[in-house]
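Since the structure comes first, as structure tokens, the remarks are kept for the end.
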Amino acid sequence: METPTDAFDFSACIARVRADDESAARSLIDQLHPLVMRIAHAQRPAAIAAEDIAQEVFAKVFQRLDQYQGRAPFPHWVARITTLACLEHRRRAWVRRELRWSDLSEEQQAVLTADPEAAAPNDIERPRDAAGLVRQLLDTLPEKERLIITLLDLEGKSVSEICTLTGWGASRVKVTAWRVRRKLGKTAQRLRLQETAES
Amino acid sequence: MKKMPRNDPTRDWLRIAAEARPQLAQPPPDEPAPAWFATRVLADRRAARARAAGAAPWFALPGLARAALASTVFAAACAVFVLSTVRLDDFVEDADLPELEELDLP
């Protein structure tokens, strides 16, 4: 299927941007913005907004435009810059990996304090931000553990699919997943204990 | 399915992940890029170009020329160092020089 990005003439547009044409810059950004936002939204750490990463990525893309030699399609080049920017932010977030109850928003705290037996997520009155909480928890993990648990528990991939993607053996994937689930669960329990101590 | 004990920490994580999955699967809101993006990035680009043009001539050289120049300077520095440490005596060791007393200096 041909997407609007496929039909767009990137090389002509890049040539115009190199000649300082502002309308060409605007149309290049319009073409690439959904792609950059999609990657940033999926891979950003909890503390950084996807819009901030997008802004940083476009600044880099335009400053390094002369380095693009056309060996790969332009959107691939931009996707790579976006992924690397997210990775860099995640590395920085991991340095400060101690998560505290006060780091969570009220919506994220609501997910932790909810009684799993009492109600299903849909009929809760208090708004919940489970995705935000998951991002915060994932930021406490090293990159490999984060990858395995994201693929297994959040993207719903099977162990054999993860083995194919990562090149790991099935037992390594299973043991890592088991350890990481326990680690994340313990972090959640520790946060709840902090809440009890504070209140 | 094996039942998990109530206090198993894994149970907590799996509940949170199950609740987060539909939220994470949602695509980001389809909003256009702000109009000032293009103006800003072009201005940044112009500023970077101006900085590069005003930078030292060293940075204006292509990579290969920079490497060649650096290695030449390094080789010259090595040569100066070696020549300054070699004593002249090493070369005139076997020469038939008179002893100091024989010179009969005042």
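Below, chains carry the letters A, B, ... as their sequence lines are ordered, and counting in each starts from 1.
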>> Is A/Leu133 in contact with chain B via its backbone, its side chain, both, or neither, using a 4.5 Å heavy-atom distance?
In response: side chain
>> Tell me whether the count of non-hydrogen atoms from other residues, nucleotides or ligands lying under 6.0 Å of CZ in B/Arg46 goes above 12.
In response: yes
> So which of A/Ala25, A/Ala131, A/Gly156 has the biggest tally of heavy-atom pairs under 4.5 Å with chain B?
Replying inline: A/Ala131
> Is a donor on one side and an acceptor on the other found under 3.5 Å between the side chain of A/Asp153 and the backbone of A/Thr150?
Replying inline: no
> Is a side-chain donor or acceptor of A/Thr140 paired with a backbone partner of A/Gln136 at a separation under 3.5 angstrom?
Replying inline: no
>> Please rank A/Thr187, A/Ile149, A/Val111 by heavy-atom pairs under 4.5 Å with chain B and give me the top one.
In response: A/Val111
> Would you call A/Lys183 and A/Glu145 a salt bridge, using N to O less than 4.0 angstrom?
Replying inline: yes
> With a 4.5 angstrom heavy-atom cut-off, which part of A/Arg18 approaches chain B: side chain, backbone, both or neither?
Replying inline: both
>> So for A/Val17, is it side chain, backbone, both, or neither that comes closer than 4.5 Å to the heavy atoms of chain B?
In response: both
> What part of A/Leu28 lies closer than 4.5 angstrom to a heavy atom of chain B: side chain, backbone, both or neither?
Replying inline: neither
> Short question: side chain of A/Arg181, backbone of B/Leu14 - any donor-acceptor pair under 3.5 Å?
Replying inline: no
> Taking B/Asp44 for the side chain and A/Ala59 for the main chain, is one N or O donor matched with an acceptor at less than 3.5 Å?
Replying inline: no
> Tell me, side chain or backbone of A/Asp21 under 4.5 Å from chain B's heavy atoms, or both, or neither?
Replying inline: backbone
